[in-house]
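Below you'll find the structure, written out as structure tokens, and then a few comments.
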Amino acid sequence: MISLSEIRNRALKFQKEWEGEKYERGEAQSFWNDFFQIFDVSRRRVATFEEPIKKLGGSQGFIDLFWKGQLLIEHKSFGKDLRKAKTQALDYFPNMPERDLPKFILVCDFQNFELYDLDENTEYHFPLSELHKNIEIFAFIAGYQKKTYKAEEPTNRAAAELMGKLHDKLLENGYEGKDLELYLTRLLFCMFAEDTGIFPKNGFREFIDIYTDEDGRNLGSQIGYLFQIFDTPNDKRPKNLDESFAQFPYVNGAVFSEQIRIATFDRTMREMLLDACAFDWSLISPAIFGSMFQASMDSAKRGELGAHFTSEKNILKAIKPLFLDELWAEFEKVKKTPKQLYAFHDKISRLHFLDPACGSGNFLVIAYRELKLLEFEIMKITKSLLPLIHIDQFYGFEIEELPSRITQMAMLLIDHQMNLAAAQMFGDPHFNIPIKESANIFNVNALRADWKALLDGTNIDYIIGNPPFLGASLQSKEQKEDMTLVFEGVKNAGDLDFVAAWYIKAAQLMQGTSAKAALVSTNSITQGEQIGILWQELFNRYHVKIHFAHRTFKWNNEAKRNAAVFCVIIGFAAHDTKNKRLFEYETPISEPHEIIVPNINPYLVNGDDFVITSRRTHIQESVPKIIYGSKPTDGGNLLLSDEDKKELLRKEPNAEKFIRPLLSAHEFLNGKLRWCLWLVDANPTELKQLPMIMERIEAVKQFRLSSPKVPTQKKASTPTLFAEIRQPNSFFIVIPRHSSEIRQYIPMGFFDNYYIASDSITVVPDASIYHFGIFTSKAHMDWVRYTCGRIKSDYRYSNEIVYNNFPFPQKIIDKQREQIETLAQTILDARTQFPDSSLADLYNPLTMPPKLLKAHEALDKAVDKLYRKEGFKSDTERVAHLFELNRGLTSLVGEETKKFKKPKGNQ
């Protein structure tokens, strides 16, 4: 591609030769031939004179000079009204195929120019004498692009949809599998190449338009031969090769080396390919398009294009604190000292990056782009025209073949885009064609592969990525085998999220090195039981330290229905660093705010490295025990709806004494009524007189006998009873085992033992209103948020992790206890003022009554002061204090919370 500086020089020469000449229309050809030569483009190849077309109204017209899909030129004799020329140009549009519509209209009288950019809705007016000053607005003729892609623009979606339609037609014709995937990847390269200067502008489109039959019969064979030409060095090509093929450069880089079947096309498919070629592929973002392109190959996923990529905003959350912020800070420090700046440039040229679950390459693409942007700033100062950053510094592992190929292609595309940007900045283009450098992408199972062997001696500096999000219950047999292999000998590793395996593999690779990693993960690995399993292994065996972390935030993308995925980003290494960066979110959809802390523990709060372990009893003997409710295991035969109850009592009124209200989480939260047959100590003679109840009892027996589980079969001998009975003998507090994360407070309640507690709730027997006050306080709620497990984003309240480790306030005097009891009662009283509202409605942040919220806030302040006189400034400060209390209490009972030694040295 010709440099911009050369274009300016040629423009100046052109205007000197033609300035002052008052040419007529009939003398225009040589003018435009010379004009196109400014950009090193043959006018005869790209644009035609006197293109016939029907005008608005049906009369025959002729476009003075037409470059399909790019530029329409109307010229008039000197001094004529150019506004009429523009109107005439627009009259051609209605009868023009959409793919041929130009992006620019140029009208002139050979001494005055008016250029209209139809995409940007801008216009430029200048005389020929100022052409050299305005020549860059015509740089699109040479392949330069003024436009830059936006991270989330619909351009990428439209491009992926075009490829998806073509995919479906080829598949319909029997072209499938690996050949189809590779074929479409090659077509993508060709269309991008002709829009970005790798190929002659519109060269691939015109090859199809001019050199293939309209019915599409020879299109497949022509493209097949063209692919061979791309893989043939110029000196190895046939001497008599037709110009239609010879115009294209040698590509190399293994893009076209693999032999695949020739595809067959028809007229419709040829039109589809021409439509795709007409799209401006220079506008796509390789970071986003790769994932969309992959999704477009699956018609079932195509409706959710945008759901299948990591947004650039989220990628930057990982790479900025991992390495980018640090590199920019170092640049600012050394940029005024040439020797140090040259050394810094050399340093970043030696960095190596790995995404061990690279998918379609978005993390690698953005990391490379950001590193190149930093290099451009260096080059501006050093005046160097020699770039040192190359795509072969980047490595990726991917288990699926198609995304691994897309990653390879995406890296080539972003490399070329950055080379174009460099050419526009520095005027000296360095293009990687024929391809001499490429990213190192391996189509392997990263969890079974030997990373060091694949890297072949390369020392990785930064590990980045977004490994798969799969909970233990969603993992396939092969994935579970992968987990077993990675976590060999680790107890309960089968309960971990799939992403945890990449933490272990990354930790193994960074041993004895200064490498750092940042992985986007499900927040489950920082909650509940998973913390103890994963982080004890990372701390004890691999001496990992967390360097930065983004606490839980909601994953956003362009999908029509955003999936409720809640993530964290954890940056870590096998060495320590002084200042850690913790990014907190007011809510999961808020913008983060950063705090500098001395340490970040696995709960992603400021505090020592430790994990809370499962306990069967509470860390404080004075706190009442917590138990699960009773479990029926009855096939629904001991349970009754309102209608069931009415029907039973209508036929058997004497059954009323055996019917009790049943508390389950759903009914409790939503104000519903449910009932059960509670037949503890029931008189057998009375039961025999109730045939409908006896029928249900028999059904329970048969249900349990048919169970594959031996313990359940044994319970068939007592079919009148719940399989597991844990009913309190006194008043008890109800805590739902699962609750929505949108609630600021988990709704809890007081009940007497007439109500039967089911196993979907946990209950605290013998509890007082003081205990209720502590449980429903913000202190306890924050503890829950930081320590509980999750189902999707909802809280999963655990007896052994959450409740039994929660530290109650100590050394409380009667006056303080009475204050908490009074404030807790105020909450219960506030609820009673809304008898028609369910707890779900009362505790929905959008509908929570101000009276109830005010009552909770008063209680929160009082409880905080029980822990610390001055209270707490933030949730994380409160939780950090609770963690310290937990550690102190566990040490007193001889079961100290797991704390880990700090690695030696700060780096």
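Just so you know, residue 1 is the first one in the sequence shown, and it goes up from there.
Listed by first then second residue, pairs satisfying side-chain hydrogen bond (donor to acceptor under 3.5 Å, both in side chains) with a partner in residues 496-505 read Asp497-Thr522, Tyr503-Ser521, not counting sequence neighbours. Within the structure, every pair that satisfies the salt bridge (charged side-chain N to carboxylate O under 4.0 Å, His left out) test and touches residues 349-366, not counting sequence neighbours, is listed here: Asp346-Arg350. Within the structure, every pair that satisfies the salt bridge (charged side-chain N to carboxylate O under 4.0 Å, His left out) test and touches residues 522-538, not counting sequence neighbours, is listed here: Glu529-Arg796, Glu537-Arg541.
Formation of a donor-acceptor pair under 3.5 Å by the Thr407 side chain with backbone atoms of Gly396 is not found in this model. At distances below 3.5 Å, not a single donor-acceptor pair connects side-chain atoms of Asn606 with backbone N or O atoms of Thr876. Looking only at distances, no side-chain donor or acceptor of Glu398 sits under 3.5 Å from a matching main-chain atom of Phe442. A donor-acceptor pair under 3.5 Å links the side-chain atoms of Ser874 to the main chain of Glu877, judged by distance alone.
Partners of Lys452 according to the side chain to side chain contact (heavy atoms under 4.5 Å, CB included) rule, which considers only residues two or more places apart in sequence or in another chain, are Asp450, Leu509. Looking at residues two or more places apart in sequence or on another chain, you find a side chain to side chain donor-acceptor pair (under 3.5 Å) between Arg743 and Ser739. The side chain to side chain contact (heavy atoms under 4.5 Å, CB included) search around Asn579 returns Ile596, not counting sequence neighbours. By the ring-ring contact (aromatic ring centres under 6.0 Å, His included) test, Phe323 is found to be paired with Phe353, Tyr462, residues two or more places apart in sequence or in another chain being considered. For Phe553, the ring-ring contact (aromatic ring centres under 6.0 Å, His included) partners two or more places apart in sequence, or in a different chain, are Tyr585. Under the rule for a ring-ring contact (aromatic ring centres under 6.0 Å, His included), the partners of Phe883 that lie at least two apart in sequence or sit in another chain are Tyr603, Phe610, Trp783. Under the rule for a side chain to side chain donor-acceptor pair (under 3.5 Å), Thr382 has no partner lying at least two apart in sequence or in another chain. Taking Asp782 as the reference, Lys778, Arg785, Asp875, Arg878, Val879 meet the side chain to side chain contact (heavy atoms under 4.5 Å, CB included) condition, with sequence neighbours excluded. With sequence neighbours excluded, the residues forming a ring-ring contact (aromatic ring centres under 6.0 Å, His included) with Phe583 are His550, listed by chain and number.
If you take CD1 on Ile460 and CZ on Phe394, they are separated by 10.0 Å, rounding to the nearest 0.5 Å. Between the OG1 atom of Thr613 and the CD1 atom of Ile531 there is a distance of 12.0 Å, given to the nearest 0.5 Å. Leu364 contributes atom CG, which lies 9.5 Å from atom CD1 of Ile315 (distance to the nearest 0.5 angstrom).
Nearest heavy atoms, Val863 versus Gly773: CG2-O, 4.2 Å. For the residue pair Val544 and Ala507, the shortest heavy atom distance occurs at CG2-CB, 4.0 Å. The two residues Ile546 and Asn601 have their closest heavy-atom pair at CD1-O, 3.7 Å. The shortest heavy-atom contact between Ile463 and Met510 is CD1-CE, 4.5 Å.
Between the side chains of Asp609 and Asn599, at least one donor N or O lies within less than 3.5 Å of an accepting N or O. Residues His352 and Gln393 have side chains that never bring a donor and an acceptor to within less than 3.5 angstrom of each other. A side-chain donor from one of Gln508 and Tyr542 sits under 3.5 Å from a side-chain acceptor of the other.
The closest side-chain heavy-atom distance from Phe548 to Leu322 is below 4.5 Å.
None of Phe808, Tyr803, Tyr745, Tyr797 except one satisfies the ring pair (Phe, Tyr, Trp, His ring centres under 6.0 Å) rule with His780; the exception is Tyr797.
Taking the six-membered ring for Trp and thresholds of 30 and 60 degrees, His547 and His575 have ring planes more than 60 degrees apart, a perpendicular arrangement.
Aromatic pair Tyr843/His856: ring centres closer than 6.0 Å. Taking the six-membered ring for Trp and the full ring otherwise, the centers of Tyr795 and His738 sit at least 6.0 Å from each other.
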